[in-house]
Amino acid sequence: MTKESGPKQKDSSLYSCKASSREGGGGRRTFRLRPPSSTIALGSHPLRTPPYYFLFPNLCTSQPVATPDRQTPPENDLSDPRAARRHKLGLIAERGIDPWGARFDDRRFIGDVRKMSDQVRFQTADGQTRELPDFDAGDVDYRQWKADNGPGTETGPQVRVAGRIMLSRPAGKLIFLTIRDWTGDIQIFIGKKQVGEQDFELAKLFDLGDLIGVDGRLGRTNTGELTVFAEKLHFQAKMLDVPPDKHAGLNDPDLKQRMRYADLAFNDGVLQTFLDRTKIVKSIRRTLDEDRFCEVEGPTLHTIAGGAAARPFVTHHNALDMKLFLRIALELHLKRLMVGGIERVYELGRVYRNEGISVRHNPEFTMLEAYQAYGDYESMMDLTERLICNAIEALDGRYQRPFGDKTVDFTPPFQRRTYADLFQQYAGVDPGDAEAVRRLADSIGLDTADKHPDVVKNEVFEARVEDALEGPIFVIDYPASICPLTKRKADNPEIAERFELFVCGMELANAYTELNDPDLQEQLFKTQLEGMEEEDSMAHMDRDFVRALRHAMPPAGGLGVGIDRLVMLLCGQKSIRDVILFPVLRPE
RNA sequence: GGAGGUGUAGCUCAGUCGGUAGAGCAACGGACUUUUAAUCCGUAGGUCCUGGGUUCGAGCCCCAGCACCUUCACCA
């Protein structure tokens, strides 16, 4: 799954830069001079902490200090949770412990430690080793089991873990913690007798949200809970702000997005959704790479924002004194590359559209576009199905996926129905009967004045058909006049070889048999430009793109997939802002 | 941009008819060596989004503004 990214790979120059940028911190970090980690024995971490409080004298007092604003309350008012945390930060430093931690070699991810549970054994007094009862099977009274099998001692592997304190259950001279890293949770047992007076006093200074490291032995408590029985504690970082409610978490959607770090750290499932997003994106790349598609990086700054009908963001290049647009699509540059001979090409990247924000729209979003020379829209349909099915396999292999109150069945093959067929079924009108379509459009309150019959038809389709498509369903063979970049069917110039994939009323993918006739392309651009506002994206003819087509682009299939929406559907998230780490927000 | 809703302790939320501001969690003090959102006793914590207005009196009613949510439009 996730590659080990331990501290060994840490860029020391980056780190020293970070240290020297802090007041009083220059030269403090000396770990680069230490021997390699292999020579460091587990549990005997060599950090000899300097007298840390000389470096941060202001942290090490509980005297009142100036309070510039409400964010830093008086430190002597310990009823304020933030002041209490700062006070404890000072007490930790006074104990000679760096409250901001240090490199922590040879630690294991908690998820891996949990997999070591079968190494926990019970050794009887006469030297026999016994397997523990199967705790997953149901209620096991482990205290009773030990009494029945005793006398004896539990043995388990020595482990080193680190994570954030999520729950704390103090019980006299015992403290139970639940700590979490990005692979899972595990309980920590801290007994005064077991860790010693020093570490137990340190543990009393722990707060929810702090990061700690633990050396200990893996075992089971009387209730059977897999637990690291602490032998040595390592403080790693203090959380100075107050974490959200330990049970309800952070609920305010604005705060969740604004403080995504807190959302990720404290709300169940959020981190998993974003790790799943990465899995989906990796799977898409893998699928395309296996099909010998070549990933490229086109320009983000365009002189003409083309390839889609959307308003662009405008920016300015100072040295050239030139207006530039953030790209609204990847299409036109990828096709230029096909002319150049990259016969299977894709880009998976961010595009920007200066449009409204909604539960399905963010001004910047991630798009995949893929082009395959000598393919057509049928080849792209097969590819789309493969991309989605492989992504599902990369997650958990479950083809029935909940979305809101529905369940979407992604078992291939997906349905394929023509636009006309679906129009007849859901709108109840023959799509070939322009007058009947117009009457229907009028009756549902659409503005039909001065509009091309196919445009009216498409508005009816969007109003009546799209929302009804629970899918996944490929809608194929669109009216040609609404698809300016699409090749017509050989036997019917009224029909464009195009499909859109719909799931839960949402457009997930869009693909064409690409138009490669430069003269027809130029003509269609011009037709589309007529009557358009200057600020609209396609209102500038991309002459260089037409020139590229004159150098001969192979006939090809082209596909666009909205990655954020795919992640929404596969992860069961109803809002696009729940699958984008940092969605656009107004300033605080 | 239009319409509707929400804004109260660090977090999650109550707040009746307009009459002294409430709970749980978190915090602080105390008890507890096998707990599971630990429990028990005690303490402290408020710019009721902001600014006006009505009223003897406003968290509550009225007006304006700000932010977020839902929905529509633009769009994918």
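A, B, ... follow the sequence lines: proteins, then strands. Residue 1 opens every chain.
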Is [X] touching bases, backbone alone, or none of the nucleic acid, heavy atoms closer than 4.0 Å?
| X | result |
| --- | --- |
| A:Lys246 | sugar-phosphate |
| A:Gly560 | nothing |
| A:Glu507 | sugar-phosphate |
| A:Phe189 | base |
| A:Phe365 | base |
| A:Gly356 | base |
| A:Ser168 | sugar-phosphate |
| A:Asp185 | nothing |

Protein-nucleotide distance ([X], atom [atom1]; [N], atom [atom2]), rounded to Å:
| X | N | atom1 | atom2 | result |
| --- | --- | --- | --- | --- |
| A:Phe313 | B:C74 | CZ | C1' | 13 Å |
| A:Ile190 | B:C32 | CD1 | P | 18 Å |
| A:Phe135 | B:U34 | CZ | P | 17 Å |
| A:Asp80 | B:A26 | CG | P | 16 Å |
| A:Leu174 | B:U39 | CG | P | 16 Å |
| A:Leu177 | B:A26 | CG | P | 14 Å |
| A:Arg360 | B:U70 | CZ | C1' | 13 Å |
| A:Leu208 | B:C25 | CG | C1' | 10 Å |

Measure from the side chain of [X], starting at C-beta and using heavy atoms only, and say which of [options] lies closest.
| X | options | answer |
| --- | --- | --- |
| A:Ile576 | B:U34, B:A76, B:A37 | B:A76 |
| A:Pro170 | B:U35, B:A38, B:G10 | B:A38 |
| A:Thr221 | B:U34, B:A26, B:A38 | B:U34 |
| A:Phe229 | B:U35, B:A76, B:U34 | B:U34 |
| A:Val359 | B:C11, B:U71, B:C25 | B:U71 |
| A:Asn251 | B:C74, B:U12, B:A38 | B:U12 |
| A:His247 | B:U12, B:C28, B:A37 | B:A37 |
| A:Arg143 | B:A76, B:U34, B:U33 | B:U34 |
| A:Arg169 | B:U35, B:A27, B:U33 | B:U35 |

* Asked: In terms of ring plane angle, is the pair A:Tyr419 and A:Tyr478 parallel, tilted or perpendicular, where the classes change at 30° and 60°?
  ->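 Ring orientation, 0 to 90° scale: tilted.
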* Using the six-membered ring wherever Trp is involved, compare the ring planes of A:Phe423 and A:Phe461 and label them parallel, tilted or perpendicular (cut-offs 30° and 60°). =>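 If you compare the ring of A:Phe423 with that of A:Phe461, the planes turn out parallel.
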* Asked: Considering heavy-atom distances to RNA chain B, does A:Met367 or A:Gly172 have its closest nucleotide positioned more toward the 5' end?
  ->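 Checking each residue's closest nucleotide, the 5'-ward one belongs to A:Gly172.
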* Return the 5'-most residue of the pair A:Lys192, A:Asp207 with respect to RNA chain B, ranking by each residue's nearest nucleotide. =>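 First, find each residue's nearest nucleotide; the 5'-ward one identifies A:Asp207.
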Flag for [Y]-[X]: side-chain donor and acceptor within less than 3.5 Å:
| X | Y | result |
| --- | --- | --- |
| A:Arg121 | A:Thr153 | no |
| A:Glu369 | A:Tyr371 | yes |
| A:Asp477 | A:Tyr377 | yes |

Tell me the partner of [N], counting only Watson-Crick (N1-N3 plus N6-O4 or O6-N4) or G-U wobble (N1-O2 and O6-N3) with both under 3.5 Å; none if nothing fits.
| N | answer |
| --- | --- |
| B:U70 | B:A3 |
| B:U12 | B:A23 |
| B:C61 | B:G53 |
| B:U34 | none |

Can a salt bridge be assigned to the pair [X] and [Y] using a cut-off of 4.0 Å between side-chain N and carboxylate O?
| X | Y | result |
| --- | --- | --- |
| A:Asp80 | A:Arg82 | yes |
| A:Arg217 | A:Glu154 | yes |
| A:Asp268 | A:Arg180 | yes |
| A:Glu197 | A:Lys173 | no |

Quantified in whole Å, what is the [atom1] atom distance between nucleotide [N] and nucleotide [M]?
| N | M | atom1 | result |
| --- | --- | --- | --- |
| B:G15 | B:A9 | P | 15 Å |
| B:A21 | B:C63 | P | 26 Å |
| B:U50 | B:C11 | P | 15 Å |
| B:C60 | B:U8 | P | 13 Å |
| B:G24 | B:A14 | P | 16 Å |
| B:G59 | B:G22 | C1' | 12 Å |
| B:G65 | B:U43 | P | 46 Å |
| B:C13 | B:G30 | C1' | 29 Å |

* Considering all heavy atoms, the nearest A:Leu264-A:Val270 contact ->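 Heavy atoms of A:Leu264 and A:Val270 come nearest at CD2-CG1, 3.8 Å.
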* Where A:Glu514 and A:Gly557 come nearest, the two heavy atoms and their spacing ->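 Heavy-atom minimum between the residues: CG-C, 4.1 Å.
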* Asked: Residues two or more places apart in sequence or in another chain: which of them pass side-chain hydrogen bond (donor to acceptor under 3.5 Å, both in side chains) with A:Asp207?
  ->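 Partners of A:Asp207 by the side-chain hydrogen bond (donor to acceptor under 3.5 Å, both in side chains) criterion, ordered by chain and then number, come out as A:Lys88, A:Lys238.
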* **A:Gln187 (side chain) and B:U35 (base): donor-acceptor pair under 3.5 Å** =>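 Yes, a donor-acceptor pair under 3.5 Å.
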* Asked: Between A:Tyr142 and A:Phe135, does the ring centre distance come in under 6.0 Å?
  ->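 A:Tyr142 vs A:Phe135: aromatic centres under 6.0 Å.
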* Asked: Can you find a side chain N or O atom of A:Arg353 that sits less than 4.0 Å from OP1 or OP2 on B:A76?
  ->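 For B:A76, OP1/OP2 do have a side-chain N/O of A:Arg353 under 4.0 Å.
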* **Under-4.0 Å side-chain N/O to phosphate OP1/OP2 contact, A:Lys88 with B:C28** =>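 For B:C28, OP1 or OP2 has a side-chain N or O of A:Lys88 closer than 4.0 Å.
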Could I get a table of every N or O pair under 3.5 Å where one atom is in the protein and the other is in nucleotides 66-69 of chain B?
{"residue": "B:A67", "atom": "OP1", "partner": "A:Arg586", "partner atom": "NE", "Å": "3.2"}
{"residue": "B:C68", "atom": "OP2", "partner": "A:Arg586", "partner atom": "NH1", "Å": "2.8"}
{"residue": "B:C69", "atom": "OP1", "partner": "A:Arg577", "partner atom": "NE", "Å": "3.3"}
{"residue": "B:C69", "atom": "OP1", "partner": "A:Arg577", "partner atom": "NH2", "Å": "3.2"}

* Asked: Tell me, do A:Val584 and A:Asn362 make a side-chain contact under 4.5 Å, heavy atoms counted?
  ->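 Contact flag for A:Val584/A:Asn362 side chains = yes.
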Is there any protein nitrogen or oxygen under 3.5 Å from a nitrogen or oxygen in nucleotides 22-24 of chain B, and what are the pairs?
{"residue": "B:G24", "atom": "N2", "partner": "A:Asp245", "partner atom": "OD2", "Å": "2.8"}

* Asked: Does the ring of A:Phe176 lie flat against the base of B:A38, closer than 5.5 Å centre to centre with planes under 30°?
  ->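 Answer is no, no stack.
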